[in-house]
Amino acid sequence: MSTAAGAVLPSPAPTRHSSSGGQHATLTADRAAALLAGCASARRTSELHAAAVRAGVDRDKAVDFRLQRAYAASGRLDLAVALLRRSPDPTAVFYTSTIHAHSSRGLHLAALALLSDMLSQGLLPTTHTLSASLPACNGRGGLAVGRALHGYAVKLALSGDSYVATALLGMYARAGDAAAARALFDEMQPDPHLVSVTAMLTCYAKMGAVDDARSLFNGLPKKDFICWNAMIDGYTQHGRPNEALRLFRRMLRSGVEPDEVSVVLALSAVAQLGTTESGKWLHSFVKNSPRVRLNARIGTALIDMYYKCGSLEDAVAVFDGLNDKDIVVWNAMINGYAMHGHSRKAIEMFDQLRAQGLWPTDITFLGILNACSHSGLVDEGRKFFKSMEQEYGIEPKIEHYGCVVDLLGRAGLIEEAFDLVQSMKMKPDAVMWVSLLAACRLHKNMALGQRIADYLVANGLANSGMYILLSNIYAAVGKWQEVGRVRSMMKASGIQKEPGCSAIEIGRQVTEFVAGDTSHPRTDEIHAKLEEVMKGLVEEHGHVPQTELVLHDLDESAKEKALAVHSEKLAVAFGLISSPPGAAIKIVKNLRACADCHAVLKLVSKITGRKIVFRDRNRFHHFVDGACSCGDYW
């Protein structure tokens with residue numbers, strides 16, 4: 001679509017004659033207006049415009065207005081604005097139509113500029129003007145403009161109109177002003193419009209007030225699928241996937257038919273949970289749904305779900321089965337290969353999408369750089385990073401820099417990573433500093449680690465992850481007094497370490513464990529199995545517990561006991577006693593696996609003949625016959 005200034009309106013075409021030599025009947029204003037009604041083709045509109053000029057009816061107000069609407073509908077907003085500028089006496093209706101055309105296409109600043117022009121000419125906004133303008137009140141300064149329009153509505157006694165009130169509520173909801181949105185919502189009682197209900201639900205969900213949203217949702221006598229989607233989205237966006245999935249199932253039981261958005265949200269919840277069986281159930285639902293079809297959007301969500309649940313093979317099957325693959329689908333598959341450590345395959349996918357004429361996006365490069373980082377492909381990562389701007393004209397974002405810092409840091413090139421951070425145009429974020437500190441700890445570069453940590457603390461930039469890494473750096477070299485100082489600083493700042501938690505799915509039932517957990521009904525069996533396994537590892541395979549990883553001032557025996565009951569080990573023991581012999585065990589952990597657990601899981605896969613699929617905060621590990629897919633590089 002075009003919004004260029006100075007657009008040239010079509011000139012009259014040469015007079016056409018009929019085959020009998022006679023001229024076409026003269027086009028009347030009424031006939032021209034009727035032909036333009038509903039016209040959405042730029043070419044057809046231009047032809048009718050030329051005919052109207054020849055007939056001398058193009059300046060008729062009805063024809064002029066219909067021409068403007070037809071150009072706007074066809075995407076030629078430049079010509080719609082040109083008609084408005086040409087009009088000697090434009091009405092509020094004419095302006096409103098042009099404002100709506102821009103606002104509905106996301107051209108918010110242009111819409112508000114037209115509104116300002118209209119007001120400067122002394123024209124008063126109507127209910128339709130306000131309803132068309134309020135959705136444009138987004139971004140910086142949007143709330144202030146929206147409040148000003150609210151003032152106009154009150155002054156002109158238009159705020160009571162249902163469309164204006166709904167638009168005002170939506171504006172406040174998008175801006176996150178829940179109090180103002182709720183005040184308007186309460187004035188709509190006892191029968192608010194569903195659009196207003198959805199806007200209010202979205203507002204609460206956006207602010208993280210999910211329980212308030214649910215209270216409102218539960219009180220609704222009628223709920224369409226949009227209301228259900230808004231509530232499910234609130235749960236998925238705020239880390240409550242179990243509730244999201246339960247609500248989706250309740251939606252089905254209520255008789256409301258889910259749409260494409262509903263299914264994408266449910267698949268996102270399953271991806272957070274890592275529960276493959278629930279994902280397969282949703283996949284089956286899509287295959288049998290009369291309303292939802294397997295298109296690129298659903299396919300992308302399925303690929304994302306399957307690889308995050310550890311089933312890369314199923315993700316590949318979905319990808320191969322899609323006929324119409326856009327760049328978003330390819331990005332999902334590249335990310336899947338990257339997360340599972342198949343870095344060369346991810347790079348191969350990049351080459352394939354380019355061969356098919358697709359243009360990579362910034363998301364494509366995030367996946368590729370992550371793939372390089374997970375496998376230590378430093379040269380390849382440098383090449384892709386440089387190609388973003390040089391070959392594809394994509395300016396790297398802070399996330400891309402973060403991937404490269406992580407890539408260099410893992411590979412031991414910490415000084416180069418630090419130089420990259422210092423040379424960036426943008427301000428480094430917390431993730432980048434954590435990556436650097438983690439690299440310092442991994443490669444025992446305590447001097448640089450302490451230098452970075454001192455800078456962060458002095459400038460008030462340290463968060464919980466940074467404090468914990470700093471504490472671990474000091475503990476690794478036995479500086480327990482410094483460890484105590486850092487932990488005192490954490491306590492004084494109200495910062496708490498996130499506890500490790502591992503989840504395992506057995507027969508669609510998800511069970512969670514924390515370190516040293518004794519809350520499970522079968523806890524005696526779990527600990528007995530774990531003790532049996534650990535004893536076998538030590539006696540038969542010479543496993544030596546990596547007690548240096550226990551960053552507390554304890555004796556060796558206490559450190560061994562602390563290591564033995566890490567959450568992922570308890571989850572594995574539970575899997576061994578709760579699933580059939582030979583069945584794969586899938587575990588999801590919220591933190592990165594420690595080196596000792598990684599070594600134990602490799603040996604357990606060897607002595608039990610079980611495949612163990614383990615997802616930590618960053619990636620997947622596939623343990624088979626004593627080896628890990630990461631090649632011990634993570």
Practice item. With side-chain contact (heavy atoms from CB on, under 4.5 Å) as the test, would you mind laying out the steps for His622 and Phe620 before giving the verdict? Key: CA-CA 7 Å; His622 295 258; Phe620 272 94; 4.1 Å; yes
**Study point:** Met349 and Phe319: CA distance, side-chain angles, deciding distance, side-chain contact (heavy atoms from CB on, under 4.5 Å) verdict
**Key:** CA-CA 12 Å; Met349 294 284 287; Phe319 178 84; 3.5 Å; yes
Exercise for review: Starting from the C-alpha separation in whole Å, work towards a yes-or-no answer on side-chain contact (heavy atoms from CB on, under 4.5 Å) for Lys602 and Ile612.
Suggested key: CA-CA 8 Å; Lys602 284 199 299 182; Ile612 301 173; over 6 Å; no
Exercise for review: Decide side-chain contact (heavy atoms from CB on, under 4.5 Å) for Leu530 and Met534; before the verdict, give the C-alpha distance in whole Å, the side-chain angles of both, and the deciding distance to 0.1 Å.
Suggested key: CA-CA 6 Å; Leu530 182 56; Met534 294 304 296; 4.0 Å; yes
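Of all heavy-atom pairs spanning Ala593 and Asp616, the tightest one is N-OD2, 3.7 Å. For the residue pair Ile504 and Ala571, the shortest heavy atom distance occurs at CD1-O, 3.4 Å. Taking each heavy atom of Val145 and Cys137 in turn, the nearest pair found is CG1-SG, 3.8 Å. Across all non-hydrogen atoms, the minimal contact from Lys223 to Val256 is O-CG2, 3.9 Å.
Two residues are said to be in side-chain contact when any heavy atoms from C-beta on lie closer than 4.5 Å; Leu247 and Phe217 meet this criterion. In this structure, Ser278 and Arg249 have side chains that are in contact, with non-hydrogen atoms separated by less than 4.5 Å. Side-chain atoms of Tyr204 and Ser215, non-hydrogen and from C-beta on, never get closer than 4.5 Å to each other. Put simply, the side chain of Val261 reaches to within 4.5 Å of the side chain of Arg297, judged on heavy atoms.
With hydrogens and angles left out, the side-chain atoms of Glu505 and Gln509 include no donor and acceptor closer than 3.5 Å. A donor-acceptor contact closer than 3.5 angstrom is absent between the side chains of Asp517 and Thr523. Defined by atom type and a distance below 3.5 Å, a donor-acceptor pair is missing between the side-chain atoms of Arg617 and Asn590. Counting only N and O atoms by type, the side chains of Lys586 and Thr275 include no donor and acceptor under 3.5 Å apart. A side-chain donor from one of His283 and Tyr306 sits under 3.5 Å from a side-chain acceptor of the other. Side-chain polar atoms of Asn218 and Arg214 form a donor-acceptor pair below 3.5 angstrom. Using modelled atom types, one finds a donor on one side chain and an acceptor on the other under 3.5 Å when comparing Ser579 with Arg610.
Between Phe614 and Phe623, the ring planes are tilted. Angles from 30° to 60° get that label.
Using a distance-only test at 3.5 Å, with no hydrogens or angles considered, a donor-acceptor pair links the side chain of Ser578 to the main chain of Phe574. Between the side chain of Asp224 and the backbone N or O of Cys227, at least one donor-acceptor pair lies under 3.5 Å. A donor-acceptor pair under 3.5 Å is absent between the side-chain atoms of Arg174 and the main chain of Asn138, judged by distance alone. A donor-acceptor pair under 3.5 Å is formed between the side chain of Ser289 and the backbone N or O of Arg291. Side-chain atoms of His340 do not come within 3.5 Å of backbone N or O of Tyr337 as any donor-acceptor pair. Judged by distance alone, the side chain of Asn370 and the main-chain N or O of Leu366 form a donor-acceptor pair under 3.5 Å. Put simply, the side chain of Asn288 gets close to the backbone of Ser284: a donor and an acceptor are under 3.5 Å apart.
Taking SG of Cys309 as the start and CG of Leu312 as the end, the distance is 12.0 Å to the nearest 0.5 Å. The structure places CD1 of Ile232 at 14.0 Å from CZ of Arg240, a figure rounded to the nearest 0.5 Å. Leu184 CG to Thr166 OG1: the interatomic distance, rounded to the nearest 0.5 Å, is 9.5 Å. Distance check: Thr364 OG1 to Ile334 CD1 gives 5.5 Å after rounding to the nearest 0.5 Å.
A side-chain contact (heavy atoms from CB on, under 4.5 Å) with Val270 is found for one member of Leu302, Thr236, Leu245, Asp304 and no other, namely Leu245.
Close placement of the His150 and Tyr172 rings is indicated, their centers lying within 6.0 Å of each other.
A salt bridge links Glu525 with Arg522: the closest approach of a Lys/Arg side-chain nitrogen to an acidic carboxylate oxygen falls below 4.0 angstrom. Taking the charged nitrogens against the carboxylate oxygens, Lys589 and Glu568 do have a contact shorter than 4.0 Å, which makes a salt bridge.
Dense packing is recorded around CZ of Phe285, with more than 12 heavy atoms of other residues, nucleotides or ligands lying under 6.0 Å away.
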